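One structure is given here, and the rest of the page talks about it.
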Amino acid sequence: MGPQFATGWRQLSVGIVGGGIGGMSAAIALRRAGHEVSIYERADFAGEAGASVSCAANGTRWLHEWGVDIEKGDPVVLKKLINRDWYTGETVSIYDLDDYEKRWGYAYNMFHRQYMHTMLKDCALQEEGEGIPAKLIVNHQCENIDLESSTVTFANGKTAKHDLIVGADGIGSVIRGILGIHPERRPSDQSCLHTNVLTEDAVKAGLVDYSQDSALEYWGGQEGKWDKIVLSPCNSGKLLSYYCFFPREVGDYANQQWGGEDRPLEELLSPYPKLDRQVFAHLTIGKEIRPWRLWVHDPYPYMHKGKVCLLGDAGHPMMPHQSQGACMAIEDAAALGILFSNKYFQGNVEDTLDVYTKVRLPRATRVQAAAAKAAYNINERIGFSANTHTPTYKVEDERNKLTIEEMNTYDMYRDIEEKLAVQGDTPYTGKRFCRPPLGVDMSNGVIVGAE
C-alpha cells in the first residue's frame, strides 16, 4: 500500500518575515513540504549577530531530516558540560556527553552563529534538494499586515500577499504587535556582556586551552545570584565564545544594541575581581565586547491569528540559560513543515495554525520557565539537574525539573497526532493516543527573553 495523503492538500505561497536562523529553518521545512517560500529581510543582507549557538539533539535531528549540510557549519560536537569553581576553576561537576549521540540519535553541536546561518541559508536557497528553492528578498522591513487579506506592507512601499505568513522577526517582533500581543516588559536583574577569544591567542599567551575539552563550561553559583561565566567553543574549537553575566546594577545594557562600538575591556573585567585567574586572563584578550540585552516578558497567550503565525523569539523569547533558544525555533519550523505537509495539511491554513499553537506553546513555555530558573540557579540547567551525587545539587522542584530525557525523547509527530485527534482531525490514521497532554508550568508568571 502506497503512502496516504491528506485529501485537501494544496501548494501554498508562504511569506517568512525575518531571515535569521528561525526564518531560514522555516524556509527549509516549508520548502521540503512542497510550498513556494519567500523570505523577507529588513536589512540589505540576511545574517546573524553574536557568536556561538547551541544545537542539542532535539534541534540537530531536524537538520538531518531536512538534509542540511551540517559540516558546512564547522561545529564543535560537545562531549561534556563542565561546572567549575568560581574562585579556583577546579571542576565542581561534569555531565558526560560521550555517549550522547548513541543515547539520543543525534550529536550536540555548537555552531558559530554566522556559520550556522550560512549553512541554513544555503540549504534554503540552493537548487539541490527536495522542493522549490526559497527566494530571499532583502531591504523589505515589515510595516504592517492586513490580516483579512494576508497582505504584508513593507517600509519601502511594496506589498506582498501570501497564503501563509510566518513572523520570524525576533525578540523585537513587529508582527507580534500586529497580532495583538503587547506584553509588558522590564529589564532583567541580570546583565550580559559577550566576547570572543581566539584559541590561538590564548595558547600563545600561555593560558589553558579550553578548546581541548569540547565542552560547555560554567563558572557560577558561588560569587552571587546573578554572576556566571559561560564558555562555548565553536568553529572546530578555534573560537571560544564567552557570555559574562552579572547584576544589572553593576552595568546596565538593557537599552543598548548589539552592534556599534565595542565596550571597554574594564567594563567586562570589573564585575569579577575574585574570578578564577585562568578564565579571567582569557577575558583580558577578548575581542568584540558587546552587550546582550535581557528583558523580562509576560507570557504570550497565543502564537497565531488568521493566516499569520509567530516563530522562535518572536513567539516565545527566553533566557539563554538552557541553551535551547535556537532549538525551539528549529522545532517551530519542523512543526510547520509537518503540519503543512501532504500527510496532514487539508487546505485550511487557519485550522492548521491552531494546531501549531497547541503543539508549540506548551513545549516552548515549559523550556522558558526552566530557563528563567537556571538564570540564578545553575543546577536547574539541563544536565546539571541530573547530578544528584554532587554536593551542589539542588533544584526548586525535583518532580518538575527539565531533564535531558524530556528534551531529547520528545516525539513531535506523536504530539501532532494527539492534538489532531483531540479535535477529531487526524486525516489518515484516526489513531488516538493515551499519553496525557504535555503540561505547561506557568507558575513563575513571567517569561524571560534575550534581546
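Please read all numbers here as calculations on a predicted model, not as lab measurements.
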Any Lys/Arg nitrogen of [X] or [Y] sitting under 4.0 Å from an Asp/Glu carboxylate oxygen of the other?
X      : Y      : result
Glu350 : Lys305 : no
Asp332 : Arg360 : yes
Lys80  : Asp213 : no

- Take atom NZ of Lys238 as the centre, draw a 6.0 Å sphere, and report whether it contains more than 12 heavy atoms from other residues, nucleotides or ligands. yes
- Message: Check this for me: Arg42, atom CZ, are more than 12 non-hydrogen atoms of other residues, nucleotides or ligands nearer than 6.0 Å?
- Response: no
Whether [X] and [Y] hold their rings parallel, tilted or perpendicular, with breakpoints at 30° and 60°:
X      : Y      : answer
Phe246 : Tyr272 : perpendicular
Trp219 : Tyr210 : perpendicular
His140 : Phe154 : perpendicular
His35  : Phe345 : perpendicular
Trp62  : Tyr413 : tilted

Which heavy atom of [X] sits nearest a heavy atom of [Y], and at what distance?
X      : Y      : result
Pro301 : Leu361 : O-CD2, 3.6 Å
Ala326 : Ser54  : CB-O, 3.8 Å
Ala134 : Ile39  : CB-CD1, 4.1 Å
Tyr115 : Lys72  : CD2-O, 4.2 Å
Phe245 : Pro320 : CZ-CG, 4.0 Å
Phe111 : Gly73  : CD2-O, 3.5 Å

- Arg176 and Asp169: CA distance, side-chain angles, deciding distance, salt bridge (Lys or Arg N to Asp or Glu O under 4.0 Å) verdict: CA-CA 9 Å; Arg176 180 197 303 140; Asp169 51 342; over 6 Å; no
- Task: Before giving the answer on salt bridge (Lys or Arg N to Asp or Glu O under 4.0 Å), spell out for Lys401 and Glu406 the whole-Å C-alpha distance, their side-chain angles and the decisive distance to 0.1 Å.
- Result: CA-CA 10 Å; Lys401 68 183 181 183; Glu406 179 179 342; over 6 Å; no
Starting at [atom1] of [X], measure out to [atom2] of [Y] and round the result to the nearest 0.5 Å.
X      : Y      : atom1 : atom2 : result
Glu267 : Leu193 : CD    : CG    : 7.0 Å
Glu200 : Leu239 : CD    : CG    : 12.0 Å
Leu97  : Tyr108 : CG    : OH    : 8.0 Å
Leu275 : His282 : CG    : NE2   : 11.5 Å
Leu310 : Ile165 : CG    : CD1   : 11.5 Å
Leu164 : Cys309 : CG    : SG    : 5.5 Å

- Query: Do side-chain atoms of His321 reach the backbone of Glu380 as a donor and acceptor pair under 3.5 angstrom?
  - Reply: no
- Message: Tell me whether Gln368 contacts the main-chain N or O of Met318 through its side chain, where contact means a donor paired with an acceptor under 3.5 Å.
- Response: no
Got [X] and [Y] here, is their nearest side-chain heavy-atom distance under 4.5 Å?
X      : Y      : result
Glu217 : Arg84  : yes
Tyr376 : Met319 : no
Glu418 : Arg414 : yes

- Would Leu198 and Ile285 satisfy side chain to side chain contact (heavy atoms under 4.5 Å, CB included), going step by step from the backbone distance to the final call? CA-CA 9 Å; Leu198 295 176; Ile285 58 173; over 6 Å; no
- Message: Is there a side chain to side chain contact (heavy atoms under 4.5 Å, CB included) between His117 and Met24? Walk through the geometry before answering.
- Response: CA-CA 8 Å; His117 180 266; Met24 291 300 170; 3.9 Å; yes
- Message: Taking the cut-offs as 6.0 angstrom to the six-membered ring centre and 45 degrees off its axis, would you call Arg363 and Tyr410 a cation-pi pair?
- Response: yes
- Note on the structure: Those residues at least two apart in sequence (or on a different chain) that pass side-chain hydrogen bond (donor to acceptor under 3.5 Å, both in side chains) with Asn58 are Gln324, Glu331
- Message: Walk me through whether Tyr106 and His64 qualify under ring pair (Phe, Tyr, Trp, His ring centres under 6.0 Å).
- Response: CA-CA 9 Å; Tyr106 303 92; His64 282 277; 5.4 Å; yes
- Under 6.0 Å between ring centres, would you say that holds for Tyr300 and His316? no
- Task: Start with the C-alpha gap between Val77 and Asn109, add the side-chain angles, then the distance that decides, and say whether side chain to side chain contact (heavy atoms under 4.5 Å, CB included) holds.
- Result: CA-CA 5 Å; Val77 176; Asn109 290 299; 3.6 Å; yes
- Task: Going by the side chain to side chain contact (heavy atoms under 4.5 Å, CB included) test, name the single residue among Val166, Val355, Asp354 that passes it with His304.
- Result: Asp354
